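Since the model is a prediction, treat every value here as computed from it, not as a measurement. Residue numbering restarts at 1 for every chain, and letters A, B, ... go by the order of the sequence lines.
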Amino acid sequence: MVNITLPDGSVRQYEQGITPLDVAKSISEGLARNVLAAKVNGKVVELYRPIEQDAAVQLLTWNDEEGKEVFWHTSAHLLASAIEELYPGAKFGIGPAIETGFYYDIDFGEQTVSSDDFPKIEKKIAELVSAKIPVVRREVTKAEALDFFGKKGDEYKLELISELEDGTISFYESGKFTDLCRGPHLVDFSPIKALKIINLAGAYWRGDEKRKQLTRIYAVSFPKKKELDEYLVMLEEAKKRDHRKLGKELELFMFSEMVGKGLPIWLPKGTELRLRLQNFLTKIQKQYGYQQVITPHIGGKQLYVTSGHWDHYGADSFRPITTPEEGEEYLLKPMNCPHHCMVYKDSPRSYKELPLRFAEFGTVYRYEQSGELHGLTRVRSFTQDDAHIFCRPDQVKQEFIRVMEIIEIIFKALSFENFEAQISLRDPNNREKYVGSDENWEKAEQAIIEACKEKNLPAKVEYGEAAFYGPKLDFMVKDAIGRRWQLGTIQVDYNLPERFDLEYIGSDNQKHRPVMIHRAPFGSMERFVAVLIEHTGGKFPLWLTPEQFVILPVSEKFEDKAKELLNTLDNMELRGSIDLRSEKIGRKIRDAELKKTPFMLIVGEKEVNEGTVSVRRHGVGDLGSMSVEQFAKTINDEIKNLLER
RNA sequence: GCCGUUGUAGCUCAGUGGUAGAGCACUUCCUUGGUAAGGAAGGGGUCACGAGUUCAACUCUCGUCAAUGGCUCCA
């Protein structure tokens, strides 16, 4: 008998050699139907792998990330099986699961594949699924493996096999298709009820542009048709929310070929919105003890040689700017931190002054590869809501907590209800590649972990993800349609204080090195606004939106009344405009709805007589008539609710 | 940067080897209308840019630029 410990801590006894599937059956029929794979003593395996010893077993379903991964990985094999039948001679690279779905890199040789072929492939896949083809694991020797793919002439698999140790190689067979694979997999293809090929793209073998380009087929699959449909609806919704499209429609920003690619231009409405965000953060930062500074957009090359950025990135940056007479060299500022180090160095610092917090909406310029540019999310000029905190090592935790509070306030004010953090720490096996003392790292890493605990922030720890100069904490938000974006960041830096020889006089009257913390709650104004556009679908929170209301006079007769009303609301610090076109009211309402203006104020005979306004809410409809004061209160209350919770 | 795709009016897009069209937007006029499109007339394009082929190029070919889907990169 073997003792199986389930995740809830309960222990069950089974015959030796029992399979996870039998365990699932013994628990409930429903579980047996839905279980995809099992985690036995921390290792994910197939449901048919016998359990020979006492073990901790977790049954994985679609609700587990690891269950999804197995599901998608098997789907990749399913896709490959279909491709092999339809395109004999196709050679296969790798086919992993990704965050949503999976892909397979395939060399089609002389054959070509286009999106027109998707239905054909999907049809073949459906046939394979209904045939309930089992996916069978077989362990093979290296010689066998090489022989098999040698005969098949698949040089990609041969290359992969040549890098594997003998004795660790396994094949998975599904019908006529055999693939080199570590697994694990579903028992057969039948749970894959819905599969959709999403797109085709070129991808270099092993990501190396010097090597052959394969055709990458991206696809997703689900256990239920309904889930696929929902996913496709989400993709449609994402398309509608695309910030590039909405940015144009709402006249927030633009690009000009003459100004240059990747150099966004903020239009008046976008600028208003951005300034409102900046003012909001500035106000909070003031409360949190930050001091604003302003530094130039260029900096002497030596500044960046000292900081180390020139060595690291200089070769792939915008070329230095030179002067005609003195032969000086300046760099377009790629980072604000060296400038802020100069601010720190401006006078001798005492431990009593620390922490010092210098904030700047600093515009930086980075040469991003042209193929990487994307809307506002990847640009060559962007403005960081940057600040650098200079503190003593023992203040790191407290400073992290304070920054986390700022980030929390901001996310809440913008209705990002779902956010989590990633803690990036050193690679424990590779400590020599980091700068700074072991002791300081240890302290800072602990400080970050404890800060997250104290703030009750769900955080995932990633080892080896830290920058060479210090550990960091990144914030991820989940937007309204479930996509994850990385936004704010807090990073410890042991490198720059060293390089710029920053110091303070401690209570012991000795010189000490301060710790520097970089932080940007928004990340960059460009990227943040892009995410905000996609999160809200262009329906910005009331406090932020460029236009809170539009006044719609029923006819020209009420123009004066409308102007008077605008003036009143203007004095109440509400913002909006009047639609003075000689259009019917229905038309004006339609246009205002399409522009996503939050409130429409209809002014006609009735309102003039009663001294009220008739209020209509975007996406909701007629709210009836009320006094101007009441309307102002409605707006202000809503703003207050969002900003002051 | 590399590979693929795309580039026609402010926007969304149709179209052809014989020098261009729709809807929306815009302008003017008519209409003064009560909760998602009132009517009429009009203006607007070197068909991304540059070469080549051709009697003739917006259309075919090549190059450049930009956008876009990926790959690589991201202080």
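- Considering only the side chain of A:Ala201, B:G70 comes nearest among B:G70, B:U32, B:A36.
- Exactly one of A:Arg527, A:Glu534, A:His535 qualifies for a side-chain contact (heavy atoms from CB on, under 4.5 Å) with A:His243. That residue is A:Glu534.
- In this structure, the CD atom of A:Glu583 is 11 Å from the P atom of B:U27, given to the nearest Å.
- Of the nucleotides present, none pairs with B:G45 by Watson-Crick or G-U wobble criteria with both distances under 3.5 Å.
- A ring-centre distance under 6.0 Å is found for A:Phe92 and A:Tyr104.
- Ionic pairing of A:Glu465 and A:Lys472 is not present here: no N-O contact between side-chain nitrogen and carboxylate oxygen is shorter than 4.0 angstrom.
- Nearest nucleotide to the side chain of A:Ala203, out of B:U32, B:C71, B:U35: B:C71.
- Counting any heavy atom pair closer than 4.0 Å across all strands shown, A:Glu249 reaches no nucleic acid atom.
- Counting distance only, with no hydrogens placed and no angle test, the side-chain atoms of A:Glu251 and the base atoms of B:G10 include no donor-acceptor pair under 3.5 Å.
- The distance from atom CD1 of A:Ile602 to atom P of B:G34 is 12 Å, rounded to the nearest whole Å.
- Between the base of B:A66 and the side chain of A:Glu257 there is no donor-acceptor pair shorter than 3.5 Å.
- Note on A:Ile589: a base of the nucleic acid sits closer than 4.0 angstrom, heavy atoms only.
- Between A:His374 and B:G69 there is a side-chain polar atom (N or O) within less than 4.0 angstrom of OP1 or OP2.
- Rounded to an integer number of Å, the gap from A:Ile490 CD1 to B:A75 C1' is 18 Å.
- Look at B:G17: it lacks any Watson-Crick or wobble partner with both distances under 3.5 angstrom.
- At the phosphate of B:A66, OP1 or OP2 sits under 4.0 Å from a side-chain N or O atom of A:Lys261.
- Between A:Phe358 and A:Phe390, the ring planes lie tilted relative to each other; the angle falls in the 30° to 60° range.
- With a 6.0 Å cutoff to the six-membered ring centre and a 45° limit on the axis angle, A:Arg575 does not count as a cation-pi contact of A:Phe549.
- At least one side-chain nitrogen or oxygen of A:Arg244 sits closer than 4.0 Å to the OP1 or OP2 atom of B:U68.
- Atom CG in A:Asp493 sits about 13 Å away from atom P in B:A75, given to the nearest Å.
- For A:Ser582 against B:U31, a side-chain N or O and a base N or O form a donor-acceptor pair under 3.5 Å.
- For A:Glu368, taking side-chain heavy atoms from C-beta onward, the closest of the listed nucleotides B:C74, B:U12, B:U32 is B:C74.
- Here B:C65 sits opposite B:G7 as a Watson-Crick or G-U wobble pair (both hydrogen-bonding atom distances under 3.5 Å).
- When only modelled atom types and interatomic distance are considered, A:Ser625 and A:Ser614 share no side-chain donor-acceptor pair under 3.5 Å.
- A:Arg216 comes within 4.0 angstrom of the backbone, heavy atoms only, and of no base.
- B:C60 is paired with B:G52 under the Watson-Crick or G-U wobble criterion, all donor-acceptor distances under 3.5 Å.
- A:Lys557 has a side-chain polar atom (N or O) that falls below the 4.0 Å cut-off from OP1 or OP2 of B:G33.
- When ring centroids are compared, A:Tyr494 and A:Tyr469 stay outside the 6.0 Å threshold.
- Contact annotation: A:Tyr103 does not reach the phosphate of B:C71 (side-chain N/O to OP1 or OP2, under 4.0 Å).
- Between B:A67 and A:Arg378, no contact under 4.0 Å exists linking OP1 or OP2 to a side-chain N or O.
- Pair check for B:U32 finds none; no Watson-Crick or G-U wobble contact set falls under 3.5 Å.
- Comparing A:Gly371 and A:Val615 by the nucleotide of RNA chain B whose heavy atom lies nearest to each, the residue mapping closer to the 5' end is A:Gly371.
- Remark: C1' of B:G10 and CG of A:Leu250 are 16 Å apart, rounded to the nearest angstrom.
- Nearest nucleotide to the side chain of A:Arg590, out of B:G34, B:C3, B:A36: B:A36.
- Residue-level contact check: A:Glu607 touches the bases, meaning some heavy atom is under 4.0 Å from a base atom.
- Using a 4.0 Å heavy-atom distance criterion, A:Asn199 is classed as a sugar-phosphate-only contact.
- Among the atoms of the strands shown, none is found under 4.0 Å from any heavy atom of A:Phe255.
- The pairing partner recorded for B:A22 is B:U12, the criterion being a Watson-Crick or G-U wobble arrangement whose two distances lie under 3.5 angstrom.
- Of the options A:Glu249, A:Glu251, A:Glu547, a salt bridge (Lys or Arg N to Asp or Glu O under 4.0 Å) to A:Lys269 is made by A:Glu251 and by none of the others.
- Among the atoms of the strands shown, base atoms are found under 4.0 Å from some heavy atom of A:Lys606.
- At whole-Å resolution of the value, CG in A:Leu246 and C1' in B:U12 are 15 Å apart.
- Across all strands, A:His309 comes closer than 4.0 Å to base atoms (heavy-atom distances).
- Among the atoms of the strands shown, only primed sugar atoms or phosphate atoms (P, OP1, OP2) are found under 4.0 Å from some heavy atom of A:Gly586.
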